[in-house]
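Input: a single structure, listed below in structure tokens.
Below, chain A is the first sequence line, B the second, and so on; all start at residue 1.
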Number of protein chains: 2
Amino acid sequence: MEINTGIIENNKTQMRRGVLEYSILLILACGDEYASSIIQKMKDVNIIVAEGTIYPLLIRLKKLGLLNYRWEESTQGPPRKYYMITDYGREQLNELDAAWDELARGIETIRNGSKA
Amino acid sequence: MEINTGIIENNKTQMRRGVLEYSILLILACGDEYASSIIQKMKDVNIIVAEGTIYPLLIRLKKLGLLNYRWEESTQGPPRKYYMITDYGREQLNELDAAWDELARGIETIRNGSKA
DNA sequence: TTAGAATACCTTGCAACACAAGGTACTGAA
DNA sequence: TTCAGTACCTTGTGTTGCAAGGTATTCTAA
């Protein structure tokens, strides 16, 4: 219907992609979670992620040593794979915090320039 | 050498990617520029872009109707292709502004959650 | 006890896209 | 006329998000 949707939606998706790993680490820094709950928490702040994205991503982060996991029984279905952040993951998260701040500052600077 | 570099650099790149189109539109909203000067302006705020990225991207944005261009002689070399933002481009930019704000708010929310 | 729904995990194949590398063309100076 | 500087552009590669499809477990209701 709307012509705009394509371009804008595409770009919003693009923006989200950039912060996927970062936001997962942020969430896990707060406490252990399993895939579905991570997806939910991200949806709560309007960062949409698909299952097909998050599973490979968690596996990748595990391989890189940023995360670990443990199995835990659930009263409501099959067992859950709870991911937790490692010390190394926290180190990296600190750097990502800095990277995000730098990017946000950069955008802010350009934005103000375009007002002047 | 450093083990960290890969992961972090990779992620910084990833973050930058998400805002490439957005920051180009922001820059052009401020005034007409040619490819090399856009790259320079982005570098000034630590958003690194390669030539091989920016040329196809500008062509894409032109095709989408967000940009136009004109040729202009230079006293210092070959003619330059100055890009300018269209009215439609400005409309889209407004939406991207909103998208960026939303994303930044989302990240901020998760971040504060991890402090609590 | 079996059929279905709900929840959770995972994989495959495709498409988008940033970027390194390599290439063309114009200008001016040595 | 050769070289350096500037500007443009294209090709090939690798990464990666995601839609779609698949498996396994649990609980409920017929």
Contact residues, residues 70-80 of chain A to DNA chain D [heavy atom, < 4.0 Å]: A/Thr75, A/Gly77, A/Pro78
Short side-chain N/O contact from A/Thr53 to OP1 or OP2 of D/dG17, under 4.0 Å: no
Nearest-angstrom distance from the residue atom CD of B/Gln14 to P of C/dA18: 10 Å
Partners meeting side-chain hydrogen bond (donor to acceptor under 3.5 Å, both in side chains) with B/Thr13 (sequence neighbours left out): B/Arg16
NZ on B/Lys63 to CG on B/Leu58, rounded to 0.5 Å: 12.0 Å
Check: B/Lys12 and B/Ile48 side chains under 4.5 Å, non-hydrogen atoms: no
Within residues 73-90 of chain B or reaching into it, pairs that qualify as salt bridge (Lys or Arg N to Asp or Glu O under 4.0 Å) - sequence neighbours excluded: none
Taking only nitrogen or oxygen atoms into account, show me every contact under 3.5 Å that the protein makes with nucleotides 1-3 of chain C, one pair per line with its distance.
none

Results of side chain to side chain contact (heavy atoms under 4.5 Å, CB included) for B/Leu57 - residues two or more places apart only: B/Leu20, B/Glu21, B/Ile24, B/Thr53, B/Arg60, B/Leu61
Value rounded to 0.5 Å, distance of CG in B/Leu26 from CD1 in B/Ile85: 8.5 Å
Phosphate contact (D/dT16 OP1 or OP2) by A/Arg16 side-chain N/O below 4.0 Å: no
Nearest-angstrom distance from the residue atom CD of A/Glu9 to P of C/dA16: 16 Å
Nearest-angstrom distance from the residue atom CD1 of B/Ile54 to P of D/dT10: 15 Å
Sub-4.5 Å side-chain heavy-atom contact between A/Val49 and A/Ile38: no
Listed once per pair and sorted, the ring pair (Phe, Tyr, Trp, His ring centres under 6.0 Å) pairs that draw on residues 37-65 of chain B, sequence neighbours left out: none
Length of the CG-P vector between B/Leu64 and C/dA16, whole Å: 13 Å
Counting only pairs under 3.5 Å, give me each side-chain donor-acceptor contact of residues 64-71 of chain A, with atom names and distances, residues two or more places apart or in other chains.
unit_1	atom_1	unit_2	atom_2	d
A/Arg70	NE	A/Glu72	OE1	2.9
A/Arg70	NH1	A/Asp32	OD2	2.6
A/Arg70	NH2	A/Glu72	OE1	3.0

Point-to-point distance, once rounded to the nearest 0.5 Å, from OG1 of A/Thr86 to NZ of A/Lys62: 10.0 Å
Net bend of the helix from C/dT1-D/dA30 to C/dA30-D/dT1, end axes of five pairs each, nearest 10 degrees: 10°
Set of residues satisfying side-chain hydrogen bond (donor to acceptor under 3.5 Å, both in side chains) with respect to B/Glu33, sequence neighbours excluded: B/Ser37
Near-strand residues of residues 31-51 of chain A, defined as heavy-atom separation under 4.0 angstrom from DNA chain D: A/Ala50
Of A/Leu57 and B/Pro56, the one whose closest DNA chain D nucleotide lies more 5': B/Pro56
N or O in side chain of A/Arg60 less than 4.0 angstrom from D/dG17 OP1/OP2: yes
Pairing residues for A/Leu96 by the side chain to side chain contact (heavy atoms under 4.5 Å, CB included) criterion, not counting sequence neighbours: A/Tyr22, A/Leu25, B/Ile8, B/Asn11, B/Met15
Length of the line joining B/Tyr69:OH and D/dC8:C1', which is rounded to integer Å: 12 Å
Between D/dC18 (P) and A/Asn10 (CG): distance, integer Å: 11 Å
Any residue meeting salt bridge (charged side-chain N to carboxylate O under 4.0 Å, His left out) with A/Asp44, in chain and number order, not counting sequence neighbours: none
Any donor-acceptor N/O pair, A/Arg17 side chain to B/Arg17 backbone, under 3.5 Å: no
Separation of D/dT16 P from A/Leu20 CG (nearest whole Å): 11 Å
Spacing between B/Leu58 atom CG and D/dT10 atom C1', to the nearest angstrom: 15 Å
